[in-house]
Each structure stands twice: as C-alpha cells, then as structure tokens.
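In what follows, a single structure is set out as structure tokens and then discussed.
Residue numbers count from 1 along this sequence. Read the numbers this way: they start at 1 and go in the same order the structure lists the ligands and their atoms.
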Amino acid sequence: MAADPEGGWPARRLRARVIVTGLLVCVSSAPWVAGAAEKITAIVGATVLHPELEGAAVVAADNTILIAGNRITAVGPAAHTRVPHGATVIDAHGKWVIPGLIDSHVHFFQSGDLYTRPDVVDLNSLVPYAEEMRRNRARLAQTFRVYLASGVTSVADVGGPFWNFEVREAARASHAAPRVATTGPLISMVARPQLDLGDPPIIRIDSPDAARELVARELAHKPDFIKVWYIHRAGDDLAAQEAIVRATGDAAHAAGVRLAVHATELVVAKSALRAGADYLVHSVQDEPVDEEFIGLARARHILYCPTLFVTLGYAYALSGLWQPTEAERRLADPDVLTRLHLPEGTAIEHLPERMVKLIREHREPALPTVAMQNLQTVWNAGITVVMGTDAGNIGTVHGPSVFREMDLMQRSGLNTLQVLKSATVNGALTVAVADLGGVAPGKLADLVVLDADPLADLANLSRASYVLRDGRAFQPTELLQPLRAPTAP
Ligand SMILES: [Zn+2]
C-alpha cells in the first residue's frame, strides 16, 4: 500500500477504509474469486454506502467495487484496488452506490390502477376485471422492468392467485427482473367473490382443518410465505379466528415456511403474534402499540412492515386527487398512470357510492398518524422494520411508490440511514437471501449507482444512473424503453 494517506485522513474515512481493507484480505482464498471466463465489471471512484455497517463506517469515499459474474469480489479505495484488464468500467466519480432496494410487500396480480380491486370499487362497467387481470399478467415483464428502473432489485409478493408462483418463475427466467419471493392465496376470514375468476387471490377459510388443507396445497408450490388476511369485525369470535391463524402457522412452520399476517388493529395484531406470526405486513393502525405487543414482537423476532402510503393511495385515487410524483412520471408504467384517472366524460353519478362521496368531498386525505407514531415506537424498541409499499393496490403503483413510502417513514421520525437500512439490510431478511443488503466481497451484486447522495435527501434514491441485478448493469432509460409501446389488446 504505497503512498498511504492514512495519517491525513479524517477519522470517519479512515474507519471505513480499514474495514473494507479487512474484507479485501479474505478475497484470495474465498469461493467467490472470479473464474477465468467470468465477466468482470468495475465500478470506479464511487462513494459507497454500507447500510449494513454502523457509525462512520457507513460511508466510504472514492472506492472501487469489482464484480465477477453475479458477485462482488472486492470493495476498496480506488487507489489500491486494481481494475483487471478487460473489465467493463462504470465511472462512478461523483456518484453513490447502495445495495439494491427491497420492497417487502407487493402484489403482482394488482396493477395499482382504478380497476384492480372491484371488491373495493366495482368499475367493471368501465373495464371488466377479467380484462384487468389479463393485462396484469401480460405486462409482467414491463412491471419487472419498472422495479429495476426504480432501483428495486428484490420484492416480496405477499399474496395472490396460484399463478403468483408463475410470476416467480418468470422473474427467475429473466435478467431484467427483480428477485421475487412469492406467497399464494390468502387464508382469509372473509370472502371476496368479486376477485374470483377461477384462481382467487383471497380464499375464505372457516376452520383450522380447512386452513391446513389450503396450506398443504400452497406448500406444494414451495411458497416463501403463507399469509393470513386476519380481518376481525365487531361480533367476530377472536378466539375461533386465532385458532385458524394458529393452525395455519403451525402447518407453515412444520414445513419451514414463515407466517405473514395482515392484522391492522392492536388486538388483532397481538392475536396474530400469539398464533405464530413471523411477519406483520402492515402497521398497527388503530391505537398506539403497547408493552404487550412489543414483548410478543420481540419474542418472535418478527419483521414489521409499515405500508404507510397505501391507504393514502386509495384515498387520492378514489377521490380523483391522485397525481403522479416526479419519480412516478419518469419511472412508473405510463399505462397504469393513465388508468388512475377515469376516462374523459365518465358520468360521476353512475360510479360506486364510495367514489361519488370522495369525489364530491374533494378533500386532501389525512396522514396515518397512529401508524407513523407506531413506526417510531417499534423501531426504538428494536423490532426489525422492513420497507414495503403494498404496491398494486389502487393508487400505489409498482416501482416508484417506494419513494413515497420512504418519505413517509422519514416523516415518521426515522433518519435517512434507518430508512435505507429497512429497505436493504432488513429487506434481505424478508426475501431470505443472506447475500443481499450490503456492499461487500461475497455478496450478490445487486447494486444501485445514484447521481446524488441519498443520505442527504432520500428523494435522491430515485436518481439511478445504473441498476445492477446479479452483476448485470442496466440504465433506467434502457429498461423503460419497451413500456412506451402499449400492450396489444
Ligand atoms: Zn398487501
């Protein structure tokens, strides 16, 4: 290490450098050393952010990252990290590199447009639901590209029809796709016949035996999660419902599969935790979480996904107030953006009552303040928070809605690094890929090269100049090119 500048370095940079040098030492004997035929990519001169580390080590300036095939082989100061002859070089001077973002809560069977949840607002008279579903399946490749262009290199789909398992296969078969973790149909306390086209995403279950039977059918497809839609209404028997959730969880756990639960009220969320939930896919929304909740959540080492934007998404879209953000204008599927507004000349009086009321009120929706306070509480209590959007629901578009979600997480009191950690290091726990979520030798090369510092402003996370998935570099503009053409009818 000639011309060692250590003496003159600020302590912050020095610590970062020592750590990455330590990692470099391992390389020579490690199994991820490049094979002769593997393509080498070098990202040179970047400021690398390490959300997987603590304190000053999080930021390492003027670093080079070497990638062989789909793995990172070296990360170190540019001055000391030799770029092999023939490597593809990405000049990242003045740029920031982060691990790929992970959206821990999405639904591919939904598009985010107005026609995607006829159980909430029935707009079959404008666009038949069968047509909407056909569209969502036919445009999967485009939806995958929107995710990558938004810097999202992994997602967890937490519930949909059995064809969700084909979505995971399609993502595995494509280079231009995020990694996809998949869940089958929801084991639900309520029926949603409006969504049943022969392969329903939500199935009403009324006994522990019926739950075990459905779990067995889902386990045949090797799901990443089994999910319960734990809807508890006034008059429902919580103990009987909890028995169904427990039977579901026990059957999933016996097969080594984690139990994800939708439970948005404190009483129901605590019941879900007692019954074996590993992943709460939403905030507790109705009242502040208490000591009992925190104790149960800690004991089960759960993941907690706030999904702060999704209810606002519905409110904006159904009231006619939905407007794309600047990032959504650049990155979202333009077809979905169009379908978030009613066709020109639609007669309001024939719309579902719920929409008519919201359109007439024309009111800015209120922030989910209880959920936002609970996020701060659970974070401070050491619960593992993961970033997730619930994308696909009306008003929450696939891809760039991650930026809306992260903005609300920050407005809840988390700092930019904590938000980034929830969207990377913690998200790796949702998709259960240990080699994700950090920038270090041996890790999978899922990375985002950003034009500006995301720790200074989270909005800069939408400014990717390159997104790498499995070591393959894409530019967002190139990814989005096929979306400019509409889907053939
Ligand atoms: Zn959801």
Side-chain angles (χ1 to χ4, degrees), residues 102-113 115-121 132-133 136 143 147 152 154-165 167-168 178 180-192 194-195 200-204 218 223-232 245 248 258-265 268-269 272 277-285 302-315 317-318 336 368 371 375 385-399 401-402 404-406 408-409 422-423 427 430-431:
I102 299 171
D103 189 333
S104 288
H105 187 152
V106 311
H107 299 281
F108 282 108
F109 79 99
Q110 305 179 147
S111 66
D113 73 18
Y115 314 107
T116 213
R117 283 299 293 269
D119 57 327
V120 179
V121 280
E132 161 72 10
M133 275 290 231
N136 298 347
T143 305
Y147 272 110
V152 179
S154 294
V155 301
D157 186 313
V158 291
F162 271 99
W163 63 260
N164 248 9
F165 297 106
V167 176
R168 185 175 60 187
V180 173
T182 297
T183 312
L186 307 191
I187 282 126
S188 173
M189 302 298 165
V190 293
R192 281 291 184 267
Q194 305 91 330
L195 305 180
I202 295 173
I203 298 176
R204 179 163 187 266
E218 298 197 18
D224 295 280
F225 288 99
I226 293 289
K227 160 103 170 272
V228 174
W229 214 36
Y230 199 167
I231 308 295
H232 175 77
V245 182
T248 306
R258 291 173 293 170
L259 179 67
V261 182
H262 165 120
T264 54
E265 301 80 23
V268 185
D278 304 293
Y279 179 19
L280 291 182
V281 300
H282 294 292
S283 296
V284 170
Q285 295 168 2
I302 65 152
L303 305 176
Y304 180 98
C305 186
T307 66
L308 298 170
F309 179 69
V310 66
T311 49
L312 289 175
Y314 271 103
L318 301 185
V336 171
L375 169 54
V385 172
V386 296
M387 186 280 293
T389 55
D390 212 354
N393 278 284
I394 298 176
T396 304
V397 300
H398 290 287
S401 65
V402 294
R404 295 211 198 229
E405 186 63 28
M406 291 190 282
L408 284 173
M409 291 173 83
S422 73
T430 317
V431 295

**Asked** Does some side-chain heavy atom of Val281 sit less than 4.5 Å from a side-chain heavy atom of Thr307?
**Response**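 No - every pair of side-chain heavy atoms lies 4.5 Å or more apart.
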
**Prompt:** Can a salt bridge be assigned to the pair Arg258 and Asp224 using a cut-off of 4.0 Å between side-chain N and carboxylate O?
**Reply:**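 No.
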
**Prompt:** What is the name of the N/O/S atom in His105 that sits closest to the Zn ion (ligand 1)?
**Reply:**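 It is NE2 of His105.
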
**Message:** From the N, O or S atoms in Asp390, identify the one nearest to the Zn ion (ligand 1).
**Reply:**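 Of the nitrogen, oxygen and sulfur atoms in Asp390, the Zn ion (ligand 1) lies nearest to OD1.
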
**Message:** So that I can check it, does any N, O or S atom in His262 come closer than 2.8 Å to the Zn ion (ligand 1)?
**Reply:**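 No.
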
**Prompt:** Taking the inter-plane angle between the rings of Phe225 and Tyr279 on a 0 to 90° scale, is it parallel (under 30°), tilted (30 to 60°) or perpendicular (over 60°)?
**Reply:**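 Ring orientation, 0 to 90° scale: tilted.
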
**Prompt:** Between Tyr304 and His282, is the gap from one ring center to the other below 6.0 Å?
**Reply:**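 Here the rings of His282 and Tyr304 have centres that are no less than 6.0 Å from each other.
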
